[in-house]
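Labels below follow one simple rule: chain letters A, B, ... track the order of the sequence lines, proteins then strands, and each chain is numbered from 1. FYI, side chains are in, hydrogens and waters are out, and symmetry mates aren't considered; it's all heavy atoms of this structure.
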Number of protein chains: 2
Amino acid sequence: MGYGNVSERRSAPPQIGVTSVILALESEAHGHARCRLWLPLVQRTREPFKGMWALPGGQLQANRSLEESAFATLASTTDLHPTYLEQLYTFGDPMRSSNGIPMVSVCYWALLDHTDLGAELGTAANAHNVRWFPVDDLPELAFDHTTIVEYALWRLRHRMDAPNVVRQLIAEPFTLGQLRDVVEAVLGEELDLANFRRKMLASHTLEDTGEVAREGRRRPAALYRFADHAEEEGFAFFAEHVAGNPHGARGTLQVDSPDDVLSALMPHA
Amino acid sequence: MGYGNVSERRSAPPQIGVTSVILALESEAHGHARCRLWLPLVQRTREPFKGMWALPGGQLQANRSLEESAFATLASTTDLHPTYLEQLYTFGDPMRSSNGIPMVSVCYWALLDHTDLGAELGTAANAHNVRWFPVDDLPELAFDHTTIVEYALWRLRHRMDAPNVVRQLIAEPFTLGQLRDVVEAVLGEELDLANFRRKMLASHTLEDTGEVAREGRRRPAALYRFADHAEEEGFAFFAEHVAGNPHGARGTLQVDSPDDVLSALMPHA
DNA sequence: CCAAAAGTGTTGATATTACACCCATGT
DNA sequence: ACATGGGTGTAATATCAACACTTTTGG
């Protein structure tokens, strides 16, 4: 690309990119190791940071909304369908330059449906220069992407009390024990099952399917699903602010604005 | 500006703007009406929405960070110094076009020091096409700016438990009664003074100056100031996440990343 | 019967709320 | 003295963490 010298490039209009942190939870570890979060990275083919791993992203297309562009970054790395998408933050320090061109990145984070991550690890993984990594064992990342990932994980942890988030991480129906395992994996801390159970049931976001899971030589556990009204209920801080699905399109994709409020304020959506 | 037809403009690279919601609290209503929040608006001189009121903003300059650009929007509307600045959200729907050119707006919200708003209302107000409005009595706004303002107010309310935010809204030293009045004004709900006092004192974010305020024919009230370590303390949800001042520059300007965490994650800051 | 996880009960610590009450002051 | 907000006390209630205990299954 034929740009002038550095000072000319510095004064060029800033480019807008969209970058995504795509998270998926490993299907339950049968071996009883705690299941982990994974995310896909792309190996850079150009300078700067050529050869290093980076978050998937791309330039913002003129006729696309930010959400649509974020969705495009998902399509470029996986065929699976994200079920949750939320804007994370916009980074715009001029030092974050690419080839000297000032770069603004609108960052999103997304959850992939509790789908079989194993299949994904086999297919798209080696097909392109895309590979999935467990979040607790990432390589050194290009740009400030390490910061972005850490922030996305922080956001996820603080969204775990929103039914719309948790429900993406587990397949229905599920036992309360399984649900706790998932929450524990994300939060990275142990939870007393007795108290966890009470809190969940008191939240009125779950409904009993009437079925039971008989597994191993122990007492069968009741199976639950998320109640349809779970979005409006919530069970903690976000109770009053949880938004519906303003996007509408793309099946079950949930697009929640930050802190869940914005879309509720949107006149049109 | 000589652009082509609509479809050509649609495919032009998106423009990046920075838009700010600047909030200031009316100096204590002596007449005993509850003090209100105000914000400055700019009257548009061009299409679209020519003549309507809009949030101050401008194009992102290539060699400026987003924060610096947000700060520039402040300078364009007021001489006062903001003491708090936080990124709000980035809007990027292509329908939000200006002259058909896709427009991405990175929005910030800022607090102006508890300074005498009255002076401000007189000077900058009529000098340019800038005027201050109380947030509960805004005119119809251009673009989606009404949504942005409502969201900024929501954010402010949910930041009131962060000492760094509250401290911008009141002049030190202050009585607990005055502090309660401020919080009540922002939250829009009444607070039991006895409980409010206990919670504040238990938070260890205040320190007694030893002075008393003798006013009117009643018992003098103790005067407090915010403790220096108030930033690290916090007294509620954000306790663990409150960030220091990563910006450093510009005196007392506080730049907190959303949910207060990001800057704590920043490697350099 | 036993191991193991499901599920229930209980208890003490801590917060939150509502409200009664006293205190210190200028007029 | 008294009205007024400053400041304290307190009892009812809610929340929550910890942990003992019972239940139900497969082996």
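Rounded to an integer number of Å, the gap from CE of Met200(A) to C1' of dG7(C) is 16 Å. Between the CZ atom of Phe174(A) and the C1' atom of dA6(C) there is a distance of 16 Å, given to the nearest Å. In this structure, the CD atom of Glu211(B) is 17 Å from the P atom of dG6(D), given to the nearest Å. For Leu223(A) and dA5(C), the CG to C1' distance is 14 Å, given to the nearest whole Å. Rounded to whole angstrom, the span from the CG atom of Leu201(B) across to the P atom of dG7(D) amounts to 9 Å. A straight line from CG of Leu179(A) to C1' of dA6(C) spans 15 Å, rounded to a whole angstrom. The separation between Arg180(B) atom CZ and dG5(D) atom P is 10 Å, rounded to whole Å. Going from atom CG of Leu191(A) over to atom C1' of dA5(C) covers 16 Å, rounded to whole Å.
For the atom pair Asn164(B) CG and Arg159(B) CZ, the distance stands at 11.0 Å (nearest 0.5 Å).
Contact annotation for Leu176(A): no contact, since no heavy-atom pair falls under 4.0 Å across all strands.
For Glu189(B), there are no salt bridge (charged side-chain N to carboxylate O under 4.0 Å, His left out) partners at least two apart in sequence or on another chain. In terms of the salt bridge (charged side-chain N to carboxylate O under 4.0 Å, His left out) criterion, Glu211(A) has no residue partners (sequence neighbours excluded). Remark: Arg36(A) pairs with no residue by the side chain to side chain donor-acceptor pair (under 3.5 Å) rule, at least two apart or across chains. Taking the side chain to side chain contact (heavy atoms under 4.5 Å, CB included) definition, one finds that Leu201(B) meets it with Leu176(B), Arg197(B), Tyr224(B), sequence neighbours left out. In this structure Glu207(B) satisfies the side chain to side chain contact (heavy atoms under 4.5 Å, CB included) test together with Arg225(B), Ala227(B), sequence neighbours excluded.
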Can you build the contact string for nucleotides 14-27 of chain C? Use B for base contact, S for sugar-phosphate-only contact, and - for no protein heavy atom under 4.0 Å. ---BBB---BBBB-
